[in-house]
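For reference, the structure is listed below as structure tokens.
Counting starts at 1 for both ligands and their atoms, following the listed order.
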Amino acid sequence: MKKRRIWATSPVYYLMAGFMLIMACLSFKQNKILFAVEFTVSVLAVAAVVVTDLHYRVHVYTAIRAARRVLSAEDQRDFDQFALPVAVLGNLGDIVWTNARFRDLFSEDEDSRGDNIAAYIYPKTLRQILSESGTAVSYGDKEFTAYGLRTGSGSVVYFVDDTYYKQIHREYREKRTVIALISFDNREELTRDSSGGEDSRITSEVEAVLRSWATDTMGGFLRRLTNGRYMLITDDLHIEEAKTKRFAVLDRVRAIKGENNLSATVSIGIGRGADTATQSEWHARQALDMALGRGGDQVAVHLRDGTYEFFGGLSKGVEKRDKVRTRVIAATLSDHIKSSDRVFIMGHTNSDLDSVGAAVGMWAAVTRGLECRASIVIDRNRSLATSLLNTFEHQPEYENMFITPQEALDQCTQRSLLIVVDTHSTSFVESPDVLRAIPRVVVIDHHRMMVTHIQNAIIFYHEPYASSASEMVGELVQYINGSALNKREATALLAGIMLDTKNFVLKTGVRTFEASAYLKRRGADTVEVKKMFANSLDTYKERSQLVAGAEVYKNCAIACSNWEFPNVRIAAAQAADELLSIQNVRASFVIFRTGNEISISARSLGDVNVQILLEEFGGGGHLNMAGAQIKNSTTSDVRKALIRVLDSKLAQASKREN
Ligand SMILES: Nc1ncnc2c1ncn2[C@@H]1O[C@@H]2COP(=O)(O)O[C@H]3[C@@H](O)[C@H](n4cnc5c(N)ncnc54)O[C@@H]3COP(=O)(O)O[C@H]2[C@H]1O
Ligand SMILES: [Mn+2]
């Protein structure tokens, strides 16, 4: 084994000095004066390099002599027999003396005196070894823990060879049992209208892919549980390997197609780093819930520290809900509402038409449908839905419908109920204080599941396949009390649906139209909705400016705005929508300033998952519409960070071209 050589004076300096000298001689013919100057400089350079080198050699030599004086001949002999490798160093880290064991393990009889210790401990440094108690160092195929102590004129370093233990430790970690739970996401949807034969064909194809993956690639085995669920038992090393291939099994499953050319998809939850198999299975279950909550077709890995890693998740997901669940939730929710002294309803910060629309719908269901007292908690100054809020202004029947977070804190009791709509994140709600103050919480949301979701909700009604929170509330209301909504409230819900579907273009499913039809029957007015979307001329101009200033990077349009104006959020959201209509743009990002925060509004046409990209900034949302807010930063820093994220994550967040 060759040791890594560290030169006292880099040979590059010799070469450079020599090169300068040659260049000087070459210029002799052209210009005498230039030659004279160059020649003098290069001779000085050569001299400097030689002097430095000599100086260093002399230093090492004296250091070695000094060390001889420190250790007597007997000392040296005794130390030489010491079982651990030891090196005595001068104050620059140069080796002045080594014992036999050191020579055995490190230098193979070559004299290592005069070398710098850095050559043996790279990439660790001597300073590190001296300041820590035990530094892991590897040399060749051996592993050591190095300890150092400072002496009067240098230091002593000794090494404990723990190759064996480290190997066992690594093996133990790699061989640790890991349990993964797999769910065939869309078996029912794929085979709903087909013959029984089709069902068993697709199921057995998916099962064959999973089985071969489990045994051939993952070195484990697969067991079928009930209802399109499987359990895979494997070890940590194989999970690590599958990770580097980004769980290619997802693609293999996606290649299986049903009759109407729909792809089969699976979701996998993995419990990694658990101490026991029981714990691993529990973590796998949590991870699978997480994967399904984010739209399926992906892998969620639960790590030791309770965080998650995600892979895949690039398909839009098929509509997968059943009305039975909605009916059951409506019944349970009604019971909880009736047993509360008061109901508070709260959306997300910077509330928009969807969160206010859903809140208004819920308010009507509670007050008119169930005759309980309810209020909507909202910060009007931050709302983007002022046009909608104004339609409820100065109407006696809506008096005290909207209250501020402070009023809610004053009025709530331990028997109050909080219904959170259009978000499930603890930090993105209108008021985290209100969330903390009320013990019983119900969540109704349609965004892709975030890791920071509200825990311990008594009802967590989460449908990533629904177009909007308003659609979900529109369905619930029908089961709570079909005649609870009047024209104005139905219009508010319809506005929410139309905002989130961009007028029934994106994420629009069968049930979106069903809910809209119900709202229409209750008198919803589409012209009123259109009016709520109308902008002032100023907002329109600002939005055009944002679009005009955009740059395109890797097929992503990025626009930046440094100045703040009223309605900047709406202008930015609309600019992001609009940038998507430019040719070859797959995703758009608008970065803008709001108070002391920088916000990003991101959109995509569906083949880039912008939620995954904005998670890097602590944001969230959907596959094709997401947002994030960054504190204490500047637009140009955020732009740079975004470009970095695009460089490293865009490939992962985009569908592979095939
Ligand atoms: N820190 C965070 N954590 C978790 N999720 C986060 C987040 N920051 C943002 N999001 C989510 O990302 C989505 C996109 O936000 P954005 O503000 O760009 O876009 C918003 C909103 O600004 C925009 N919008 C509001 N009024 C509008 C109008 N009049 N015209 C057009 N767009 C409008 O429509 C979008 C509605 O999207 P939606 O509420 O479903 O989902 C939102 C938001 O809930
Ligand atoms: Mn919203």
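- If you number the atoms of ligand 1 from 1 as listed, the ones under 4.0 Å from a heavy atom of D422 come out as 39 (O).
- The Q629 neighbourhood of ligand 1 comprises atoms 1 (N), 2 (C), 8 (N), 9 (C), with distances under 4.0 Å to a heavy atom of that residue.
- Looking only at heavy atoms of the protein, atom 43 (C) of ligand 1 is closest to F428 CE2, 3.9 Å.
- Ligand-side atoms of ligand 1 in range of G618: 1 (N), range being under 4.0 angstrom from any heavy atom.
- Of the candidates H446, M625, R603, the one placing a heavy atom closest to atom 19 (O) of ligand 1 is R603.
- The closest approach between a heavy atom of T423 and any atom of ligand 1 is not below 4.0 Å.
- Within the structure, the closest approach of D354 to ligand 1 does not fall below 4.0 Å when heavy atoms are considered.
- Scanning the protein heavy atoms around atom 12 (O) of ligand 1, the nearest turns out to be G627 N, 2.9 Å.
- Taking only non-hydrogen atoms, the option from L353, L384, T501, D352 nearest to atom 22 (O) of ligand 1 is L384.
- For the ligand labelled ligand 1, residue M532 lies outside the 4.0 Å heavy-atom shell.
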(request) Could you walk me through whether S467 and T508 pass the side chain to side chain donor-acceptor pair (under 3.5 Å) test, one step at a time? (result) CA-CA 6 Å; S467 73; T508 309; over 6 Å; no
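- The shortest N or O to N or O distance between R569 and ligand 1 is not under 3.5 Å.
- Near D500, meaning under 4.0 Å from one of its heavy atoms, ligand 1 places the atoms 36 (C), 37 (O), 40 (O).
- No heavy atom of S425 sits closer than 4.0 Å to any atom of ligand 1.
- At least one N, O or S atom of D352, from either the backbone or the side chain, sits less than 2.8 Å from the Mn ion (ligand 2).
- Among H447, H424, M498, the residue whose heavy atom lies nearest to atom 41 (O) of ligand 1 is H447.
- Under a 4.0 angstrom heavy-atom cut-off, A385 registers as lying outside contact with ligand 1.
- When hydrogens are left out, the protein atom nearest atom 32 (N) of ligand 1 is L499 CD1, 3.5 Å; that is the closest non-hydrogen contact.
- Here the shortest heavy-atom distance to atom 3 (N) of ligand 1, taken over G621, G620, A573, belongs to G620.
- Considering only non-hydrogen atoms, atom 31 (C) of ligand 1 lies nearest to Q574 out of R543, Q574, H348.
- With a 4.0 Å cut-off on non-hydrogen atoms, K502 touches ligand 1 through its side chain and not its backbone.
- Across D445, V443, I444, V441, a single residue satisfies side-chain contact (heavy atoms from CB on, under 4.5 Å) together with F460, and that is V443.
- The Mn ion (ligand 2) has an N, O or S atom of D422 inside 2.8 Å of it.
- Protein heavy atom in closest approach to atom 4 (C) of ligand 1: M450 SD, 3.3 Å.
- Side-chain contact annotation: T491 with D525, donor-acceptor N/O pair under 3.5 Å absent.
- Among all non-hydrogen protein atoms, the one lying nearest atom 18 (O) of ligand 1 is S601 OG, 2.6 Å.
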